[in-house]
S.K.: 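One structure is given below, represented as C-alpha cells, and several questions about it will come after.
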Amino acid sequence: MLERLQPRVRGVFARFKIPHQDAEDLLQQALLTYLHKKDTIKDTERWLLGTLRNRCLMYWRGRRRRLYRTVDTAILESVAEPRPPAQEIGDVYRDLEQVINRLPDHCRTLLRLRYRLGCEAPEAAERLGYSRKSIYKVMERCFARLTRNLVDAGLLDDRRR
C-alpha cells in the first residue's frame, strides 16, 4: 500500500513544504495511529492521506507557536533583571515601541497590559472584555502580527521558524 501511495504521500509533503527529516516522522506517526485504529477505518488510503494533511497543518501551527513563544520570552527577558546598559535598553525599547505602534489598537492594548502592567492573560481578558477562553487565540494573533513586524523591521531573524 505504501509503495502505491508513495507519489501521493510525497505530493502532500511537497505541498506543505515539510522538511524531509520531519516528513518521515509525520508519516511514522500517521502509520502508528493507523495501526491503533485500523479496525475502524473503511478506506485506508483516503484516511492515511487525510491524516497526513492534518499532521502537516499541525506541524506548521506548532512551529508558528514556538516562534510566538520565543518572541514572548524574548520580550519578558528584555524587561527582566539584570539590565544591560541604559543606552542599549533605550534602543531596544524605542525599536520595540515603533514596531508595536504599527499594530492594531486591540493588539497594542493587550501587549501593554501584558508587559507594561504585568497582567496575566485572564486579567487582560477581563479588562478588555474578552472571554478567558478566547484571550489566548487573540494573544496568538497579536504575537503573529508582532513577529511579522519584527521580522520586517529586521529586529528578528525569521530563520528561527
S.K.: Considering all heavy atoms of both residues, which atom of S131 and which atom of A125 are nearest to each other, and what is their separation?
M.R.: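 Scanning both residues completely, I find the closest heavy atoms to be O-CB, 3.9 Å.
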S.K.: In a table with atom names and distances, give each donor-acceptor pair under 3.5 Å that connects a side chain of residues 44-52 to protein atoms at least two apart or in another chain.
M.R.:
{"from": "E45", "atom 1": "OE2", "to": "R4", "atom 2": "NE", "distance (Å)": "2.9"}
{"from": "E45", "atom 1": "OE2", "to": "R4", "atom 2": "NH2", "distance (Å)": "2.2"}
{"from": "T51", "atom 1": "OG1", "to": "W47", "atom 2": "O", "distance (Å)": "2.8"}

S.K.: Could you tell me whether the side chain of Q29 reaches within less than 4.5 Å of the side chain of L26, counting heavy atoms only?
M.R.: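 They are in side-chain contact.
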S.K.: Is any side-chain heavy atom of H106 closer than 4.5 Å to one of Y130?
M.R.: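 They are in contact (side-chain heavy atoms under 4.5 Å apart), so the answer is yes.
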S.K.: If you round to the nearest 0.5 Å, how far is CD of Q98 from CG of N149?
M.R.: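 Those atoms lie 11.5 Å apart.
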S.K.: Just verifying a value: how many Å separate L113 CG and M139 CE, rounded to the nearest 0.5 Å?
M.R.: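 It comes to 10.5 Å.
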S.K.: Suppose we screen for side-chain contact (heavy atoms from CB on, under 4.5 Å). Which residues come up paired with Q28, at least two apart in sequence or across chains?
M.R.: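 Checked Q28 against side-chain contact (heavy atoms from CB on, under 4.5 Å); matches are D25.
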S.K.: Side-chain contact, heavy-atom cut-off 4.5 Å: L128 with V138?
M.R.: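 The answer is no; the side chains never approach within 4.5 Å.
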S.K.: Would you give me the side-chain donor-acceptor pairs under 3.5 Å for residues 6-19, sequence neighbours excluded?
M.R.:
none

S.K.: Roughly how far, to the nearest 0.5 Å, is CG of L27 from CG of L32?
M.R.: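 Between L32 CG and L27 CG, I get 9.5 Å after rounding to 0.5 Å.
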S.K.: With E123, which residues qualify under side-chain hydrogen bond (donor to acceptor under 3.5 Å, both in side chains), at least two apart?
M.R.: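 Result, side-chain hydrogen bond (donor to acceptor under 3.5 Å, both in side chains) vs E123: R127.
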S.K.: Quick one: closest heavy-atom pair of V99 and A153, and the distance?
M.R.: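 Looking at all heavy atoms of both residues, the shortest contact is CG2-CB, 4.1 Å.
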S.K.: Is a salt bridge present between E120 and R132, judged by a nitrogen-to-oxygen distance below 4.0 Å?
M.R.: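 Answer for the salt bridge query: no.
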S.K.: Indicate yes or no: at least one non-hydrogen side-chain atom of T33 is less than 4.5 angstrom from one of R55.
M.R.: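 Contact flag for T33/R55 side chains = yes.
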S.K.: If Ile, Leu, Val, Met, Phe, Trp and Tyr residues are connected whenever their side-chain heavy atoms lie under 4.5 Å apart, and connections chain through other members, are Y34 and M58 in the same group?
M.R.: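 Different clusters: Y34 never reaches M58 through Ile, Leu, Val, Met, Phe, Trp or Tyr contacts under 4.5 Å.
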S.K.: Under the disulfide bond (SG atoms under 2.5 Å apart) test, which residues partner C107, sequence neighbours left out?
M.R.: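 C107 satisfies disulfide bond (SG atoms under 2.5 Å apart) with C142 once adjacent residues are dropped.
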S.K.: Can you tell me how far the CZ atom of R102 sits from the CG atom of L150, to the nearest 0.5 Å?
M.R.: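 Nearest 0.5 Å value for the CZ-CG distance: 8.5 Å.
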S.K.: Within the distance-only criterion (no hydrogens, no angle test), does the side chain of R108 pair as donor or acceptor with the backbone N or O of L103 below 3.5 angstrom?
M.R.: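 Yes, R108 side chain to L103 backbone: donor-acceptor pair under 3.5 Å.
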S.K.: Once rounded to the nearest 0.5 Å, what's the spacing between atom CG of L5 and atom CD of E3?
M.R.: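 Reported to 0.5 Å precision, the distance equals 10.5 Å.
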S.K.: Once side-chain contact (heavy atoms from CB on, under 4.5 Å) is applied, do any residues pair with E24, and if so which ones, sequence neighbours excluded?
M.R.: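 side-chain contact (heavy atoms from CB on, under 4.5 Å) list for E24, sorted by chain: H20.
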